[in-house]
Amino acid sequence: MKRFIQQLSLSCWLIGVFTIVSLAQNSPTPSKSIPHLKQQGGTTQLIVHDKPYLILGGELANSSFTSTEYMQPIWPKLKALHLNTVLAPVYWELIEPEEGVFDFALLDQLIFEAKRHDFKLILLWFASWKNSMSSHVPSWVKTDQERFPRVKDDQGKSHEILTPFSESNLMADLRAYQALMRHIKEIDGEQHTIIMMQPENEIGMLPVARDHSLLANKQFSADVPVALMKYLVENKSSLVPEFYERWKQYGFKTEGNWEDIFGVGSHTDELFMAWYYAKFTNKIVEAGKAIHPLPMFVNAALIRPGRKPGTGYPSAGPLPHIMDIWKAGAPSIDFFSPDFYFPNIEYWCDLYTRQGNPLFIPEHRFDNTVAAKAFFTIGHYESLGFSPFSIDSKPKPAEEDLAKGYKILAQLTPLITEQHGQGKIKGILLDKEKQETILTFGPYEFVVKHSHTLGWSAEAKNEVWEPAGAIIIQTQENEFYVAGTGVAITFRRTDADKIVGILKADEGYFDQGNWNILRHLNGDQTHQGRHIRIFQGNYTIQRFELYDYE
Ligand code: DGJ
């Protein structure tokens, strides 16, 4: 600390002191516990200020969090979107411009602004790797390639990517991360504006599946580490099927080098890199948590359909088919997250929730599907939350569907988190390809259709339908809340020859957890008792009760 203060200019120091003091003064009541993950039934919750928290997030464009001036017009935009959490990078190059000299003045001001606007922050540590590359490392790292060696491709060509096989690379990143966590603890150890950390960003090897530097080759020809083999043997019955098959193909060998055990090819290169990336990242995470144990997760660039590791997608990131390697190498990472820039969200989320991995989506292209997908993932997977990428990019944020969606998800948060982990919450995502889904709640079957299937609106004739997304929460045996957009629901029973009718329905809102009725729904609004409906493009919460008749 002494060294840090000495190195700062007077003005930076004054700003820093001002900020720390202001942070302390502007703070809500300190919570007892540091943000942490907690199991409720089958669901993992994020606990913030001792209460379950749902991340209604958005990730800033990569370079936005680099000045207070640039961020100034962005804060109100984020407010208009009804975000409660901002995912924002911390750039190694900016906080450690000279080796061992840390400058947190800018970060402090940005944290102060986030807090002033009542946002929580998830900080993304743009350090050794950001989308495979090492572009965010400080210049003293970039220019000393002898001390901070890089990967080489199969032609022996060097790339601007630090090799994970170098101890000095690891230690440089780790010391900076420790300094960051120490600083966060100092300025935010009580207030907890910062609720989670994402070390590195989209780790993965490009343009070939593995590093071919001398350091890497040495490990590649050595035996597969005993620690990994031990993990695989001990967890054999619960490995993901794709990986199990790969190991089986070569006879479940437990000794030998990487190619002896897993065969020759880019798939083995990928496993090899995954292990060393995981080990590297785990050391960073452990060092950070030893100082300030916030939940820490890593994110992955998904596989372009049909592509091979290293050529069509970054090899060896925390992807579902190699999750076992990541789990073995990085037990301190709390969970692994997918970033969405391709379709098939359900396919990928199903893969990401295997082996009890909690779902959080830190990035989704900010397109016309995000509001519907926020409802779907928070409902269907009981995810920790959702976050479109480049959240600061829209000119009229208040008019975005996401703003309407987050507004009601915020109201519903106490209800959702109370019912977590008990099979009482379902999520819906429908479009022209998938127009209907059937959900079961105890004895009831809900037939949920895209509201365009009613054929009542002009848009129903369009070639492509805007997605419908909703959440349904059961609060009593026959009482439910539905929220979202674009659904028409009819009801039947599975266990008896009875007809299910709507006893009561109302539209309303939650204020401090209390339900307020805005209007009683019947007549045309329930199609004279035939269905519960929210038209596509409308975002509402409705409460309804069912009854049976013969
Ligand atoms: C995924 C990365 O994680 C983001 O930082 C960003 O680069 C987007 N891709 C694309 O803009």
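Whatever order the structure lists them in is the order used to number ligands and atoms, beginning at 1.
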**Report entry** Pairs touching residues 273-295 that satisfy salt bridge (charged side-chain N to carboxylate O under 4.0 Å, His left out), sequence neighbours left out
**Finding:** K289-D334

Query raised in the report: Name the residues with a heavy atom less than 4.0 Å from ligand 1?
Result: N62, K130, N131, N201, E202, D339, Y341, E363, F389

Query raised in the report: Tell me the ring-ring contact (aromatic ring centres under 6.0 Å, His included) pairs involving residues 280-325, sequence neighbours left out?
Result: W129-F280, F297-F335, F297-F360

Query raised in the report: If you look only at pairs with a residue in residues 362-384, which of them pass as a salt bridge (charged side-chain N to carboxylate O under 4.0 Å, His left out), with sequence neighbours excluded?
Result: none

Query raised in the report: Will you find, in the side chains of S266 and K308, an N or O donor that is under 3.5 Å from an N or O acceptor?
Result: no

Report task. Could you check W348 against F340 for ring pair (Phe, Tyr, Trp, His ring centres under 6.0 Å), going step by step and ending with a plain yes or no? Result -> CA-CA 9 Å; W348 285 106; F340 284 99; 7.6 Å; no

Query raised in the report: Charged N to carboxylate O below 4.0 Å: is that the case for R354 and E242?
Result: yes

